Amino acid sequence: MGRVTNLLMGASALVLLGGGAAWADVTIATAGPMTGQYAVFGEQMKRGAEMAVKDLNAKGGINGEQIVLKIGDDACDPKQAVAVANQFVNDGVKFVAGHFCSGSSIPASAVYNEEGILQISPASTNPKLTEQGFDNVFRTCGRDDVQGIYAANFVVDNKVASKVAIIHDKTAYGKGLADEFKKQLNARGVQEVLYEAITAGDKDFTALITKLKDAGVELIYHGGYHTEAGLIVRQAREQGFNAKLMSGDALVDKQYWEITGPTGEGTLMTFAPDPRKKSTAADVVAEFKSGGYDPEGYTLYTYAAIQAYADAAKKAGSTDPEAVAKALRDGNYETVLGSIAFNEKGDVKNPEYVMYIWKNGEYGQVGG
């Protein structure tokens, strides 16, 4: 049986996380890679969504109705994401906090737009998501045409390296980020010595590392996810190649270090200022930690997406997606991420990126 068939069978068995009067409640969902090599990020989203729903329901839900949460597993596969989106349509979902991978969010957004379901992605950074002219699509994270520019400027301004190689994994996220980095790097007068593609899921990078080594590369800019990035770094060190690696926000999980071990020392990555350190997140972070979970990465971004949706629905006095979408564009919303507002495209206003460095199994802000 195919992945999509399995998904549909699994989706029909999704548990409603609510009280006995589920049919009168507000049904929302989160979707991401609950299985597969990026499942750590699906776990972040699931945890964030579950906590947000728990906290909101404890305060009376939305307009007097309790919130019911469904979980969809797209495994960061575009076809599976569309199947998840269609299942959500059948389930009467009004709002989706998802997806994680841009390659999933973009095709799923077409389904949500056609069927009138509101979407706020906590993690999909490819610009195309909010450039489609859909008025029901938002995100609480930044965009790669901000992240890639920031990374390229950091390399040039801090003289990180003179010989830079750019690699990407061909995904909407990875290639999109790498291309934005390349565009700005070139605009700043630096030409990369290599631009190469890998395939998500690859395990052996011997030939690529040999090519990078022969070219005298000092910095590898990686557009892609933590699994391949970790293997590239580890295998490079095993071959005596010590070029620094820089990547984006998909390295923001401790599983990266589980792959690299000490070879990951000095890896650079871009991400927003750590939301766990915001005063607006203190109580929720404490709530997570009391349960033994560290809400890193996109946990709080998912929580904030559901917060913003719930508050906009209260402001609109309705869970009608059009009314909520209008309210989202018309106001500022207080979330664990602080006060956020959305522009006409659905992008969060004034996104921030900073540079992090991995040391001793932890990541911390450069200069912080």
Side-chain angles (χ1 to χ4, degrees), residues 26 28 30 44-45 47-63 67 95-98 100 105 118-125 127 129-130 135-147 149-150 249 252 270-289 295-319 321-356 365 368:
V26 180
I28 71 169
T30 191
Q44 291 175 4
M45 296 174 72
R47 295 269 194 162
E50 288 175 342
M51 186 66 81
V53 168
K54 172 178 168 287
D55 291 348
L56 285 164
N57 279 339
K59 295 175 183 175
I62 299 174
N63 299 332
I67 307 166
F95 162 69
V96 177
F100 176 76
S105 277
L118 197 69
Q119 176 185 13
I120 304 179
S121 173
S124 294
T125 53
L129 178 63
T130 50
D135 61 6
N136 64 311
V137 178
F138 299 80
R139 57 178 137 212
T140 53
C141 57
R143 292 168 43 137
D144 289 330
D145 49 0
V146 178
Q147 181 173 201
I149 289 170
Y150 173 83
D249 52 308
V252 65
T270 44
F271 187 53
D274 193 339
R276 294 172 298 179
K277 296 181 178 179
K278 290 180 178 287
S279 60
T280 48
D283 291 346
V284 173
V285 169
E287 191 178 4
F288 274 112
K289 289 189 173 180
E296 67 176 334
Y298 286 97
T299 309
L300 296 174
Y301 280 79
T302 308
Y303 189 107
I306 294 174
Q307 267 187 310
Y309 166 75
D311 286 348
K314 291 171 190 175
K315 181 180 177 181
S318 168
T319 54
E322 284 189 25
V324 179
K326 184 178 185 306
L328 283 170
R329 285 187 172 84
D330 287 347
N332 282 61
Y333 292 93
E334 301 306 317
T335 74
V336 289
L337 303 178
S339 181
I340 62 174
F342 301 95
N343 64 21
E344 281 304 305
K345 291 180 180 178
D347 291 313
V348 69
K349 293 179 180 178
N350 304 316
E352 290 182 85
Y353 281 100
V354 295
M355 190 65 69
Y356 289 84
Q365 189 173 327

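Note that the structure is predicted; figures quoted are calculated from it, not measured.
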Within-4.5 Å side-chain heavy-atom neighbours: T319 and Y309: yes
Atom of P275, atom of A281 and distance for their closest heavy-atom approach: O-CB, 3.4 Å
Pairwise side-chain contact, R139 with V348, heavy-atom cut-off 4.5 Å (strictly under): no
Pairwise distance OG1(T270) to CD(Q147) - rounded to 0.5 angstrom: 3.5 Å
Within-4.5 Å side-chain heavy-atom neighbours: V285 and L300: yes
Separation between CD1 of I306 and OG1 of T335, rounded to the nearest 0.5 Å: 12.0 Å
Within 6.0 Å of CG in N343, more than 12 heavy atoms from elsewhere: yes
Side-chain (Q307) to main-chain (V336) donor-acceptor, under 3.5 angstrom: yes
Side-chain (Q119) to main-chain (N136) donor-acceptor, under 3.5 angstrom: no
Any L118 side-chain heavy atom under 4.5 Å of L328 side chain: yes
Closest heavy-atom pair and its distance - S105, G98: OG-C, 3.8 Å
Check: I67 main-chain N/O paired with N57 side-chain donor or acceptor under 3.5 Å: yes
Side chain proximity check, D144 to T125, heavy atoms < 4.5 angstrom: yes
Reported CD1-to-OG1 distance for the pair I120 and T30, which is rounded to 0.5 angstrom: 11.0 Å
Heavy atoms from other residues, nucleotides or ligands near CD of E287 exceed 12 (cutoff 6.0 Å): yes
Minimum-distance pair of heavy atoms, taken over all atoms of Y301 and A272: OH-CB, 2.9 Å
Between NZ on residue K315 and OH on residue Y333, distance to nearest 0.5 Å: 4.0 Å
D249 and Y298 side chains, donor-acceptor separation under 3.5 Å: yes
Pairwise side-chain contact, N63 with K314, heavy-atom cut-off 4.5 Å (strictly under): yes
Minimum-distance pair of heavy atoms, taken over all atoms of A316 and A323: CB-O, 3.8 Å
Residue pair M355 / Y150, side-chain heavy-atom distance below 4.5 Å: yes
Worked check of side-chain contact (heavy atoms from CB on, under 4.5 Å) between Y303 and D55: CA-CA 10 Å; Y303 189 107; D55 291 348; 2.7 Å; yes
Spatial distance of atom CD1 (I149) from atom CZ (R143) [nearest 0.5 Å]: 10.0 Å
Any side-chain heavy-atom pair of S121 and L129 under 4.5 Å: yes
Summary of salt bridge (charged side-chain N to carboxylate O under 4.0 Å, His left out) pairs that have at least one residue in residues 329-345, sequence neighbours excluded: E131-K345, K326-D330
Smallest separation among heavy atoms of A310 and L56, with atom names: CB-CD1, 3.8 Å
Close aromatic pair by centroid cut-off 6.0 Å: F138 and F95: no
From CD1 (I340) to OG1 (T140), nearest 0.5 Å: 6.0 Å
For the student: nearest non-hydrogen atoms of P122 and T302, plus distance: CG-OG1, 3.4 Å
